[in-house]
Structures are given as structure tokens and as C-alpha cells.
**Q** 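Next up is a structure, given as C-alpha cells.
Whatever order the structure lists ligands and atoms in, that order sets their numbers, starting from 1. All figures in this text were calculated on a predicted structure; none of them were measured in a lab.
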Amino acid sequence: MSSRQGPPEKMMFQLTLRRRGISNQAVLRALEEVPREAFVAEADRDDAYRDSALGIACGQTISQPFVVAYMTEQLNLQKQHRVLEIGTGSGYQAAVLAKLAGKVLTVERFRTLADTARLRLERLGFDNVEVMLGDGFDLPANIGSFDRIIVTAAMAQIPENLTDRLETNGILIAPVGPHHGVQTLVRIVKTASGLERKELVDVRFVPALPGIAREL
Ligand code: SAH
């Protein structure tokens with residue numbers, strides 16, 4: 001069922017994204033198709049289609065839909081792309097990526113979040129997403145390289161170990177800046193002659209922390 005016939009909050013959701021400048025039809029459709037209410041805490045179901053971040057387990061957050069749409073749009077995804085996400089959280093961004101790309105590998109440092117997201121994505125029928133417990137700062141060598149990389153936790157700077165994994169013509173997008181406060185969304189394009197860096201908009205993300213979380 002399309003949002004045009006769907007519940008009013010889903011229509012408002014699409015309108016808000018358009019009004020804020022998201023124009024890519026495929027991205028809008030992906031956000032329309034992924035049921036955000038399945039990715040938030042039960043108590044927040046009624047707020048699932050408001051344009052705001054919400055708390056999830058382990059003191060983390062599911063990002064604001066506009067930011068998910070904006071970052072996705074900036075990745076310029078194609079069906080054959082292999083995508084790496086650092087910071088699975090609820091799995092919502094990974095689901096949106098999976099609608100537009102070929103394969104998604106998403107990495108999360110909290111076991112509880114990784115397990116919950118994996119189960120949720122499986123139940124929703126996403127068969128092109130792999131959820132991995134791991135540390136985005138210390139990725140295993142055998143995962144290979146990617147056409148697109150998206151970081152959804154704030155990093156003081158973008159580690160070389162991530163840009164090294166980008167294919168030529170690959171795009172990486174990440175919030176860069178202090179752990180607490182405002183960060184800048186940075187878009188890096190890997191060209192044959194090096195990395196091209198562009199600063200986009202101000203954002204607020206929870207910090208990227210090193211290592212697998214010791215708490216569950
Ligand atoms: N993309 C998520 C929101 C991410 S919140 C969504 O759509 O819901 C940021 C997530 O990054 C948190 O779950 C946090 O635990 C995780 N994270 C922080 N540092 C990390 C690291 N070094 N490696 C992997 N995940 C990390």
C-alpha cells in the first residue's frame with residue numbers, strides 16, 4: 001500500500017521530508033516502505049513517524065528520519081553497491097540502505113543491539129543485510145572493500161582504516177566532530193587521484209566508541 005492511501009502520520013512523514021529538501025524519489029520511497037514503528041521501543045510507536053531521534057536500548061538512539069534520508073541521498077546508491085554501515089543501532093538506517101543497494105554489512109559494538117536488529121531485519125524480510133558484532137575502528141580484514149560507507153556515530157576524525165576500504169569512486173559519509181555537541185556531516189569521494197572532502201550540514205550523533213561494549 002502506498003503512503004498516499006496510508007495513515008495520515010505517514011503522509012505527514014513524506015511531506016516533512018520533501019519540505020526539508022529530500023527530492024530523490026527512490027530515497028523517499030525507501031523511507032515510505034520501511035516501517036519505522038518496527039524499529040523503535042514499544043512505548044514510542046506513536047511517535048515513530050515524527051521527524052525526531054528516539055532513544056533505543058543501551059543508551060543509544062535511532063536517528064531522525066530527515067538525517068537518515070539526507071545521508072542516504074548523499075550516498076547516491078545503486079542496486080549493485082556493497083555498503084558498509086558503522087553503528088547499526090536499531091537497524092533502521094540499514095533497512096533503508098538495503099532497499100536501494102545490493103548488499104549491506106552493518107557493524108554494531110553492543111551485542112544486544114546487534115542481536116535485536118538482526119532478528120528484526122530477518123522478520124521484516126531483509127535478506128541482503130548482514131549484522132555483525134564488531135568495532136568500526138578495528139574491522140576484520142576479511143570483510144573486503146565497499147562502494148559506499150556510512151558512519152552513524154560521531155568520530156573526531158575519519159580513520160584511514162575506513163577510507164582504505166572504499167573502492168575507487170566510492171563515497172563515505174560520516175558525522176565528524178566532538179563527541180558531545182554539534183558535528184559536521186562530511187562526504188568523502190575517493191577518486192583516482194585521492195580523497196575529495198566536502199562538509200555538508202551540522203548534525204548531532206551519539207559518539208563512536210572503540211571496542212566491543214563490555215555491557216551487553
Ligand atoms: N544507524 C542507527 C543509529 C545509530 S546510533 C539506526 O538507524 O538506528 C549509533 C550506534 O553506533 C550506536 O548503536 C552505537 O552503539 C554504535 N557505535 C558506536 N561506536 C561504534 C563502533 N566503534 N563500532 C560499531 N558501532 C558503534
**Q** Is it the case that R165 places NZ or CZ above or below the six-membered ring of F146, under 6.0 angstrom from the centre and within 45 degrees of the axis?
**A** no
**Q** Which protein residues have a heavy atom closer than 4.0 Å to any atom of ligand 1, listed by chain and number?
**A**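 Residue list for ligand 1: Q60, T61, I62, S63, E85, I86, G87, T88, G89, S90, G91, Y92, Q93, V107, E108, R109, F110, L113, G134, D135, G136, F137, T152, A153, V206, P207, A208, L209.
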**Q** Within the distance-only criterion (no hydrogens, no angle test), does the side chain of E108 pair as donor or acceptor with the backbone N or O of T88 below 3.5 angstrom?
**A** yes
**Q** Give a yes or no on whether a salt bridge exists between K99 and E33, defined as a side-chain N under 4.0 angstrom from a carboxylate O.
**A** yes
**Q** Between R197 and E199, is the closest basic N to carboxylate O distance under 4.0 Å?
**A**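 Yes, charged N to carboxylate O under 4.0 Å.
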**Q** For a quick check under 3.5 Å, do E167 and S145 share a side-chain donor-acceptor pair by atom type?
**A**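 On atom types as modelled, these side chains qualify, holding a pair under 3.5 Å.
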**Q** Regarding R36 and the six-membered ring of Y49, is the cationic atom NZ or CZ under 6.0 Å from the ring centre and inside 45° of its axis?
**A**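 Judged by the rule, R36 and Y49 form no cation-pi pair.
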